[in-house]
S.K.: 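My questions all concern the structure below.
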Amino acid sequence: ERIYTPLKRVGNQWHEIPLEQALDEIAEKIQSIQSQFGDAAVGIWKGEALGFAQQENLARRFTHAIGTPNYFSNDTACFCSRYMGFASTYGCELFPEFEFSKTMMVWGANPPYSHPFVFERMMKAKKNGARLIVVDPVHSEIARQADIHIKPWPGTDGALAWGLIHQLFMRKVADMQFLEGYSMGWEKVQDYALRFSPEETGRLTGVSPDLLDAAVDALSADPQATGIYVGNGLEHHSHGMENIRAIGFLPAVLGAVDTRGGNRIYESPNLKKLTLYDERPLSQWAPIGAKDFPLLYQYVRQCHNIRGLEAMTTGKPYPLRGILMTAANPVLTNPDTEKTCRALSSLDLLVVRDLFMTATARLAHYFLPAASFFERTELVTHGLSNQLGMTRRILSHENCQDEYRFWHDIAHRVGAGEYFSWESEEELNEWLLSDTEWTAEQLMSRPEGIQWKPVAYEKWRYLPFATSTGKIQFISSDHEALHYPGLPEYPFSPPQIPAEGFLLISGARRRLFNHSRNHQIPEFQKMDPEPFLTLREADAHRLQLSQGEWIRVIGPAGEMRIRISVCSNDAMREHVVTIPHAWESANVNQIIPNDVLDPLSGFPVLKAVPVQIVKEESIPGCSY
């Protein structure tokens, strides 16, 4: 089903056209939109399906090269909030070095399905005697491997983190020498944590004091070799970023920052910088969403894609009339599918670059075939091992442009060619490496990569943290400057559990699929042919539902029809149900609103969504 020829949509029909004609028409339309509505009326939307590193930064470079600050991506529903939560404390994200950990703690993630290479390292540690704590309302695949499985109410992870911090101080496990020497504000952390007694933590989270004690025992055994992994499940709550900030305090309290088996600070080779934020800050334009969610733009230079969709339909704060999208599928991955489709369909220009005709691509004016990872050469880095390598281009297709060639060709057509002066992806890679001791040719001759620098631990002994004070900042000055709480305060109320309804966790990973990818593979379709709503046996009995029965799920943004899968009562918390995302046949995002957002990060609430479940035959013809 891969598409190898550029397509232009005329009415409801697709027509094959030459690549040069497609690029000429797209460039002409970009210039027309910018001439009529201003340079910022065109935006770029990047997904993750075609790669990271320079693939992302090339899109960012093009954005500023043509005079618009509006760079959107899937990251504003995945990753950014987690990064912001850690960066507000440490100036960077921390990464667990699980293969050497003595205790591993996984929050809101399922690495066997989402990050198999991380899971491999975890299982190596378990074979060497490491303990595993999993925090998840669902008995997931990683939870089945756990020594301790904690099932809090969805979205109450911050209260659980504060309860653990309280116990670590009370038991004198907290690394006071590290806190006093390398952090600021730990005294206020200790004072605030006093509010979270085991009983109060249990009231807020549903976690028993005994289970809390067991987790503290495990964390206390070898504190500095504790690796803590925060998945994107925590980002999708109304208090998500503050929850992550509180969890992010744990490595510092344990003294497990940049330690062997703890939580490492990545180092990066001295590659050239592709982005143009310093050279062309575009201060004359307000990046869309930066006013409502200033921390998002301050930390990661991302525009808010839900506010971007609103700008497409309302023209506020200014018109957004054109989008160049690469490797993204927001029709299946963004909340409120109807609003997403309506916004994208309203554009004067929507270009989608991908390998296949996706649900989003069907709305486009132009479809451009992209190059897969087999068809490009790309620098890759791995921060845990300080590895640097180069992928190898092993085949090519005439009309399937790599990322650099596409942005290069459009930039030269719209008068921004000076920013894309390299003739090829290979030449670009040489430039990126020019401040290092390595050449692209050397890396290509070493397919296993090179270690550009020996791994170093406890770098804080001689290097300051990347914060304004050079120390760990428990009280965020960035937050206080914007009149947000300096500490990640927790709302002292238990979650609102619907009396007759459920809390929906959407987006749980499936083994064979990566978001909306791989669904078209016949073997995978046979093995996992359809999504299900999973609910506990007791809830199915109460609703008089049986395995495989059709139901309707009514949510804040609409309703959907799906079949049920019944699990044991201990497989998840009561009043909780799950539905995977990115299935076109049963798109859970059509029932999830896009106007319930985390006030700091702007992330949509995709977990703990209140829903009602009704038997299919009891509401014939029902329309939400």
Side-chain angles (χ1 to χ4, degrees), residues 52-53 57 79-80 82-101 174-189 222-230 244-245 247-275 277-278 295 298-301 379-389 432-438 449-481 486:
F52 299 95
N57 287 332
F79 161 72
C80 282
R82 183 170 72 248
Y83 173 82
M84 293 160 64
F86 278 86
S88 63
T89 304
Y90 301 98
C92 63
E93 193 172 6
L94 303 180
F95 298 87
E97 191 181 42
F98 278 145
E99 54 263 56
F100 303 124
S101 294
D175 190 332
M176 300 308 300
Q177 184 177 2
F178 177 72
L179 292 174
E180 291 170 357
Y182 299 97
S183 75
M184 298 182 65
W186 66 266
E187 302 93 340
K188 291 187 178 180
V189 171
D222 199 338
Q224 293 185 341
T226 299
I228 296 177
Y229 185 93
V230 177
I244 293 167
R245 286 182 68 203
I247 295 167
F249 288 176
L250 283 167
V253 173
L254 292 164
V257 177
D258 210 34
T259 54
R260 182 177 170 85
N263 305 275
R264 289 274 309 287
I265 296 174
Y266 272 14
E267 296 181 88
S268 298
N270 189 31
L271 301 179
K272 290 280 195 180
K273 181 170 64 70
L274 271 171
T275 56
Y277 294 102
D278 295 332
L295 289 171
Q298 178 178 326
Y299 278 103
V300 292
R301 293 292 189 266
L379 280 170
V380 290
T381 62
H382 194 290
L384 277 179
S385 56
N386 287 350
Q387 292 289 121
L388 175 65
L432 289 169
L433 288 164
S434 59
D435 288 342
T436 74
E437 60 182 289
W438 302 95
I450 56 98
Q451 188 178 48
W452 65 272
K453 180 182 178 183
V455 172
Y457 296 101
E458 299 184 0
K459 294 182 285 293
W460 35 263
R461 293 188 182 277
Y462 52 87
L463 288 175
F465 287 92
T467 62
S468 59
T469 61
K471 293 189 173 187
I472 295 169
Q473 294 187 170
F474 290 111
I475 312 298
S476 173
S477 56
D478 292 336
H479 287 231
E480 289 184 329

S.K.: For Tyr182, what residues pass the ring pair (Phe, Tyr, Trp, His ring centres under 6.0 Å) criterion, not counting sequence neighbours?
M.R.: Phe178, Trp460
S.K.: In terms of side-chain geometry, is the basic nitrogen of Arg82 or Glu93 positioned less than 4.0 Å from the acidic oxygen of its partner?
M.R.: yes
S.K.: Within a strict 4.5 Å, meaning less than it, do heavy atoms of the Phe95 and Tyr229 side chains meet?
M.R.: no
S.K.: For Pro251, check side-chain contact (heavy atoms from CB on, under 4.5 Å) against everything at least two apart and list the hits.
M.R.: Tyr90, Leu94, Ile228, Val257, Asn263
S.K.: The criterion is ring pair (Phe, Tyr, Trp, His ring centres under 6.0 Å); which residues satisfy it with Tyr457, sequence neighbours excluded?
M.R.: none
S.K.: Just jot down the side-chain hydrogen bond (donor to acceptor under 3.5 Å, both in side chains) partners of Lys459, sequence neighbours excluded, or say none.
M.R.: Asp258
S.K.: Would you please test Lys188 and Ile475 for side chain to side chain contact (heavy atoms under 4.5 Å, CB included) and show each step?
M.R.: CA-CA 8 Å; Lys188 291 187 178 180; Ile475 312 298; 3.9 Å; yes
S.K.: Taking side-chain contact (heavy atoms from CB on, under 4.5 Å) as the test, write out the residues that go with Glu187, two or more places apart.
M.R.: none
S.K.: Show me the donor-acceptor pairs within less than 3.5 Å that the side chains of residues 265-275 make with the rest of the protein, sequence neighbours left out.
M.R.:
from   : atom 1 : to     : atom 2 : distance (Å)
Glu267 : OE1    : Lys453 : NZ     : 2.5
Lys272 : NZ     : Asp435 : OD2    : 3.4
Lys273 : NZ     : Thr275 : O      : 3.3

S.K.: Would you say that Val189 contacts Phe249 through its side chain, given a criterion of any heavy-atom pair below 4.5 Å between the two side chains?
M.R.: yes
S.K.: Listing request: all salt bridge (Lys or Arg N to Asp or Glu O under 4.0 Å) pairs with a residue in residues 466-481, at least two apart in sequence or in separate chains.
M.R.: none
S.K.: Taking side-chain hydrogen bond (donor to acceptor under 3.5 Å, both in side chains) as the test, write out the residues that go with Asp222, two or more places apart.
M.R.: none
S.K.: Can you name the residues that form a side-chain contact (heavy atoms from CB on, under 4.5 Å) with Ser385, not counting sequence neighbours?
M.R.: His382, Gln387
S.K.: Could you list the residues that satisfy side-chain hydrogen bond (donor to acceptor under 3.5 Å, both in side chains) with Ser468, not counting sequence neighbours?
M.R.: Gln473
S.K.: Glu180: which residues meet the side-chain contact (heavy atoms from CB on, under 4.5 Å) condition with it, sequence neighbours left out?
M.R.: Met176, Trp186
